[in-house]
Undergrad: 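I'd like to ask some things about the structure below.
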Number of protein chains: 6
Amino acid sequence: MSGIAWHDLRAPELRALAEADAMVIIPVGSTEQHGPHLPVQVDARLAAEVANRAAARISEHRSVVVAPTVWCGLAEHHMGFGATITLDFATFHALIRCVCASLQRHGFRRLALLNGHGGNIKALDVIAGELKRELGVAVVSATYWTVESVARAFGEILDAQPGVAHACEAETSMMLALEPGLVDRDEMARVDGGRRGASASGGLYRFRGFDEMTESGVLGVPAAATADKGERLLAAAAEGVAEALLKEALWQT
Amino acid sequence: MSGIAWHDLRAPELRALAEADAMVIIPVGSTEQHGPHLPVQVDARLAAEVANRAAARISEHRSVVVAPTVWCGLAEHHMGFGATITLDFATFHALIRCVCASLQRHGFRRLALLNGHGGNIKALDVIAGELKRELGVAVVSATYWTVESVARAFGEILDAQPGVAHACEAETSMMLALEPGLVDRDEMARVDGGRRGASASGGLYRFRGFDEMTESGVLGVPAAATADKGERLLAAAAEGVAEALLKEALWQT
Amino acid sequence: MSGIAWHDLRAPELRALAEADAMVIIPVGSTEQHGPHLPVQVDARLAAEVANRAAARISEHRSVVVAPTVWCGLAEHHMGFGATITLDFATFHALIRCVCASLQRHGFRRLALLNGHGGNIKALDVIAGELKRELGVAVVSATYWTVESVARAFGEILDAQPGVAHACEAETSMMLALEPGLVDRDEMARVDGGRRGASASGGLYRFRGFDEMTESGVLGVPAAATADKGERLLAAAAEGVAEALLKEALWQT
Amino acid sequence: MSGIAWHDLRAPELRALAEADAMVIIPVGSTEQHGPHLPVQVDARLAAEVANRAAARISEHRSVVVAPTVWCGLAEHHMGFGATITLDFATFHALIRCVCASLQRHGFRRLALLNGHGGNIKALDVIAGELKRELGVAVVSATYWTVESVARAFGEILDAQPGVAHACEAETSMMLALEPGLVDRDEMARVDGGRRGASASGGLYRFRGFDEMTESGVLGVPAAATADKGERLLAAAAEGVAEALLKEALWQT
Amino acid sequence: MSGIAWHDLRAPELRALAEADAMVIIPVGSTEQHGPHLPVQVDARLAAEVANRAAARISEHRSVVVAPTVWCGLAEHHMGFGATITLDFATFHALIRCVCASLQRHGFRRLALLNGHGGNIKALDVIAGELKRELGVAVVSATYWTVESVARAFGEILDAQPGVAHACEAETSMMLALEPGLVDRDEMARVDGGRRGASASGGLYRFRGFDEMTESGVLGVPAAATADKGERLLAAAAEGVAEALLKEALWQT
Amino acid sequence: MSGIAWHDLRAPELRALAEADAMVIIPVGSTEQHGPHLPVQVDARLAAEVANRAAARISEHRSVVVAPTVWCGLAEHHMGFGATITLDFATFHALIRCVCASLQRHGFRRLALLNGHGGNIKALDVIAGELKRELGVAVVSATYWTVESVARAFGEILDAQPGVAHACEAETSMMLALEPGLVDRDEMARVDGGRRGASASGGLYRFRGFDEMTESGVLGVPAAATADKGERLLAAAAEGVAEALLKEALWQT
């Protein structure tokens, strides 16, 4: 699978991929607190993992390559727990813009921003829209767990919660599958992922720090996580993302 | 009702409202093509109308004032049909920032961005988040038809579509109620609001111009519109928005 | 007259106006304290009114349309009295730039920024100059009361002052003509619009807040205002602006 | 006189001037075409000369120092003749801001931008206003020939024109007094400084390149210039500027 | 050693490191063409490797943690060979600024930018200077091979060249030690790393693309590389960097 | 020699120089404290002097012109001693960009930034690189004392120090040659130019104010300065710079 990691390739190989109209998947995550039981790498790690697995499937049908992971995003809402590295929106925009512009200059015409962090979702859509118009190539954005077929599959696999919250059953399961040594199982069993105060704002948006919403920095039920679920979640995500990215209609400019 | 329009008040009255911790509702719309049957004012006009009606209800419980309408937003996707005025994201951000900062300097501490344009939704949430942190006052954002209670009510009132699309049954109905002279009823009866190509992208985002998605610039069923529905939609929107904005939990900073 | 308000038109009509090389008048005002007797809408309201009346005259000779009013500008000097919404220069520039760029993209080639606020005058000239070069279309700026023929006419109509100051005989008269219900006549009769300290700086410029220069936020003699004068002022402004904008030499690029 | 040129002083002397609440005059000019007979330094040279002479007078009453000359400004309208160096507005603003901020950080509290270029007038007023508020010290701007007492004196000295145009009787005279070797007297006698087309736009503003308005890059009557007039103009400018800057009311913050 | 990788730690551990005044090493590399024999990851990979090894040494004396690697920098000069992702200076500055500001907000006060890319050297020094002043904490920058003791050691280990060029004996050796499977040994033996044209510009700077300076994208002698040299280079770099970062005088603010 | 100073030329002469593909040398200095014995003009004065002398030599071989001196740069590290005017990096970049862009628009294709201030060196290289790519003309940067042949010559002329430090033997000697009246000889003999604390950081960079490194603002041995050395230094600098700028290979784009 390493054959499709941008970082592992040599320049002649990457020039050939541009020639072949390869799709480029750019994993975008975050580096932020994930409660007392998970390492801060979660969102970056999982976005990269799903990207790599999806690319392996896609490569059976067309050329594809996975860019290095953008490991920081918009995580101001986690700053209250320390451990978090956040960008402001303008910097996030500029960074993604430079990455995509470099790819466009080399001839790549199908760029997919594959996101693994809730705080990036709206911003990445705004950015993808501006970049498509500015660069004149296809730039799409997707968050792996909101791809429709993935969301359905996750709902079936998970027991305690319907989808992905934060440092939750889903994310903890996937980390148990990938990096069991980095998960603190005592904390995982003990931590309370309940929400403080009202759980919803009725369709309005207000910024809330995770330290306002939670005691622990966790939203969800980590205790329900297992490595087996994690492996199934990753497989489902890779399958759903690959299928979605292979649809030709997505890439019209 | 004019007593709560910022533009109609004199400076001593507005200073007194700041003293009284009044909520400020800032209607945010767009100026953009709305098909062959509706004027370009729709999103600005409806955001202002809902804001004014909601403020009338809110004023029975607490001080409130409605700012002048921000009549332009992110409407690049409508530029292909002419008639549209659009901002880039950075300008939209800067404009909303200056408006909110002025209010904060005068002592207002509860600012609500009430949106009436689909293309602004994600951007306004990003902006509201950054401004709350920068200005240290409560800044919330809401799109009138996605407020949960409003969405439910709209679903019950509408016949041909479940919610708000673009220049559709819902928007056309509300304009028939408010500005019947500006609606071209022949075009309204005739126009085809069908979507070209696939209707959905499976949870991924890609920027699409309305000229790619539609023949007419319309998404939805204008022919199903009536002024009576429009009046009921506006009443439901005002009630839902007012109720949501009156919840004290929304305004914690 | 509504036929030439951008906001009231439908997209096909606006596309036809672009085809017809219509002039676009963009009213630019401010939202700011206007003493104890006038509402904060004055500068925006009067710029729009003059634009609409001038456009009605112009439309006898050529195609013309009036954009929605830019209701905020550079009003830092009024912030000390509350009630005021101000932009910084960079945001004001970016906002006008986006509006003009949208028009240019739709094919409009004659853009007139018609200003009604003293604090915008120099800035709008700087902006109009930069935009003409950047966009390659004619962008002119004018403040209605400094158009030479208008200034002469105002001098003849007014009794207590030669031209427009702030919340003064002229502005109060025009608001009495347009919105008598929003003028507080007791305050209008009572308010002292005298200048504190030296009235002039001998041709040098220094920024001064209105709270430094005045006790009341007013410069001029509101007590001398009448609705009749207001109607004559508006007619003179419309006539002078229309005549000036119809001169072909103005539009060379 | 060299004792009050910033560039000629040593750090301990400048620290003492800050301690003494010295006024700082910052000459601002331009580097731009001045017809076939004058060198491009005119606006920078004359702003510096007036600043130095005014400072000599001011120094009899209070501490004062003249900063190095900002020799470039907004000269886009001269670019068509070559030889011109221009800034865009944002860069001009940032440059003046850094200069003034440095002075403020060292304790200077009276900053005067003394301008010698028509294209800078409006922009410098906008900038001076923003800087006064941002830095919290007095920042004033003045163009030497629009200081009221200077304008009157110039009217009396000049024969062929009432004030300063461009590369005209006034500027040519002053350059004859200061740098006779840099004036081409044949061209000075021959050049036509007439305006092409209408001379005025009736109080409206539109950007015009000098190559549109003139054949030669000159506006005015260079042939009427003499070194004697030039010396008298410079003396009058220095006297008027000094007198204006010494008025204590100018420096309130 | 994973115990000091930011990405592998959980939030409580990182909060404890801030409490303990831990040094943070931020590896900064580039993603760019490295000739036909090396993968594009080289500069990012080696900066991270040296950072991790140096941190292991430093951790014997004081708390330290290694941030995720900034894998893109200023690589415009490699764009001609494809395969390269580059930032403009403003984006690079903003990105490093956000990372450092996040760390400072969490209480970290010793930030070291450890660079592995020639094109970043000057820019990182400019950035480190601006950030130290802005953030009020110690921000130092270093390029591993220009640390004096490292440069000396490299000179002794290398045979064909005195230090680090590009995709050269040094970099190829280190990659052979770390990622032998990613090095193409045929290309490594064959590639010509000679410089085209004059090798130096006599102390002046002009931007040159690598495609102007080289045929292959390589500067140096890859054929001289061995894994054994690579291991010794890495050990020397780690030792020299650790020693330099442990000097207390470096961290004065 | 005045015939090659941009400021002394008339527009037709400068247009002819552009036609003749003249090189433009842009002196870049700083205005900053230079100890108790030297005026703040040193870096700007010496950059201009070397530029003028080098241009005189160059003019024997090809057309050349010297732009007005950019007298401010990055001097934050001297702010602690007062007397200093500094830009931030973004403003410095924008200023140099506007100057070079103006020249490019007039047809000049060989632009040399000739620097005389240590704090500008890295920044100017970054800027020259970005401008060459943006403007598509040759933009080179050089600091006069780091040109290789100049550095060698300086080493031979100087007695107490090998090259240029700050307000040192070299700079003081050159100022004695050019502006003896502005040098305070008592202070020159007395001032201690020793460095406080460790003299070097082993190849790492950290920002240090001159008030941290020195007691006096001086680094070097002013007492060893003589006017004769100064004249020889200036001659050597002019010769070395001229020779380097005449090499055709420097100007490839």
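All chains are named by letter (A, B, ...) in the order of the sequence lines, taking the proteins before the strands, and each is independently numbered beginning at 1. On a predicted model such as this, the values are computed, not experimentally measured, just so you know.
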Undergrad: Quick check: are there more than 12 heavy atoms from other residues, nucleotides or ligands sitting under 6.0 Å from CZ of E:Arg109?
TA: no

Undergrad: Relative to chain E, which segment of F:Val126 carries a heavy atom at a distance below 4.5 Å: side chain, backbone, both, or neither?
TA: side chain

Undergrad: If you look at every heavy atom in F:Leu250 and E:Arg206, which pair is closest and at what distance?
TA: O-CD, 2.9 Å

Undergrad: Pick from F:Val140, F:Val241, F:Asp125: which one has the most heavy-atom pairs with chain E under 4.5 Å?
TA: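 Heavy-atom pair counts peak at F:Asp125.
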
Undergrad: How long is the span from the OH atom in F:Tyr205 to the NZ atom in E:Lys132, to the nearest 0.5 Å?
TA: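 Taking OH in F:Tyr205 and NZ in E:Lys132, the distance rounds to 8.5 Å.
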
Undergrad: With respect to chain F, which residue among E:Ser141, E:Gly129, E:Ala142 yields the maximal number of heavy-atom pairs within a distance under 4.5 Å?
TA: E:Ser141

Undergrad: Has the side chain of F:Glu130 got a donor or acceptor atom that lies under 3.5 Å from a matching backbone atom of E:Phe89?
TA: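 Confirmed, F:Glu130 side chain pairs with E:Phe89 backbone.
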
Undergrad: Chain F heavy atoms under 4.5 Å from E:Gln252: which part of the residue, side chain, backbone, both or neither?
TA: both

Undergrad: Going from CG on F:Leu124 to NZ on E:Lys122, what distance comes out if it is rounded to the nearest 0.5 angstrom?
TA: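 One finds 10.0 Å between CG of F:Leu124 and NZ of E:Lys122.
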
Undergrad: Kindly say whether E:Glu76 contributes a backbone atom to a donor-acceptor pair with the side chain of F:Arg133 at under 3.5 angstrom?
TA: no

Undergrad: More than 12 heavy atoms of other residues, nucleotides or ligands under 6.0 Å from CZ of E:Arg97: is that the case?
TA: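 Open.
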
Undergrad: With a 4.5 Å heavy-atom cut-off, do F:Leu245 and E:Leu204 have their side chains touching?
TA: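 The answer is yes; the side chains approach within 4.5 Å.
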
